[in-house]
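So the structure is just underneath, and the comments pick up after that.
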Amino acid sequence: MSRLARPATHLATGSSVLTRRLAARAAAWCARARRDDLTGWKAILGILLRLALLLLGAYLLARIVRALPALMWVLSAGWTVAAWRTGRSPVEEPREAPAEAAPVLDPEAVRTLLLEVLGDAPSVHLRTVLAHLQKRGQWEGRTVSDLRAALERLDIPHDRRVKVAGVPTWGVRRRDLVAPSPADGREASTAPSTAA
């Protein structure tokens, strides 16, 4: 049984990756049909047409396979070979690709940057902070999730319910930045007390 586990894993992984790739390509192909020069339902007519073409293609393929059942063997063999090749090469699997090393950040420098972006405002959204960083040529290709993860590693308080102009989303508040961080509290509590 264990001799079959590795090949079965290769096939299952490869089949899963192929399915995701095909679905992503089909979705991207449909999305490219959106018209930016139109508004409302007219803007998505191209998407609906391409979706209808995909459904028609799947229907015709099913009809052909019903008419020629031997074709199913060829399609199955082709899928199995493609899944095997994809499952055996971990480089092509995005989840197994080596992660980019996280930059080493100084917590005080990050707090100073956040206070700079805040200006006189009581709070700021993380997407505004990210846009500020990217304007300076930093954090290119990064997302708000990456910024949240960096703040989490540095124990800098951030919250998903920060309101700016009435819109709640991930952000930081001035009162949280000027207050001591939880890490500072932990360091202070480990020091011996001098109270008599």
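All heavy atoms count here, side chains included; hydrogens, waters and symmetry mates do not.
Between R35 and K42 the shortest side-chain heavy-atom distance does not fall below 4.5 Å. Residues W170 and L151 have side chains not in contact (no heavy-atom distance under 4.5 Å, counting atoms from C-beta outward). Using a 4.5 Å cut-off on side-chain heavy atoms (C-beta onward), L118 and L177 make contact.
For the residue pair V172 and P157, the shortest heavy atom distance occurs at CG1-O, 3.5 Å. The nearest pair of heavy atoms linking T143 to L130 is C-CD2, 3.6 Å. Taking both residues in full, the closest heavy atoms of P168 and G166 are given as CD-O, 3.5 Å, listed atom of the first, atom of the second, then distance.
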Determine, step by step, whether L147 and R142 satisfy the side chain to side chain contact (heavy atoms under 4.5 Å, CB included) criterion, reporting the C-alpha distance in whole Å, the side-chain angles of both residues, the deciding distance to 0.1 Å, and the verdict. CA-CA 8 Å; L147 185 56; R142 301 285 180 102; over 6 Å; no
- Begin with the C-alpha distance, continue with both residues' side-chain angles, and end with the deciding distance and a verdict on side chain to side chain contact (heavy atoms under 4.5 Å, CB included) for L45 and W41. CA-CA 7 Å; L45 283 177; W41 63 272; 3.7 Å; yes
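The salt bridge (charged side-chain N to carboxylate O under 4.0 Å, His left out) analysis of residues 127-140, with sequence neighbours excluded, yields the pairs E116-R136.
Follow the hydrophobic side-chain contacts under 4.5 Å out from V17 and you never reach W79; the two are in separate clusters. Hydrophobic clustering (ILVMFWY, side-chain heavy atoms < 4.5 Å, transitive): L154 and L114 are in one cluster.
Atom CG of D120 has 12 or fewer neighbouring heavy atoms from other residues, nucleotides or ligands inside a 6.0 Å radius.
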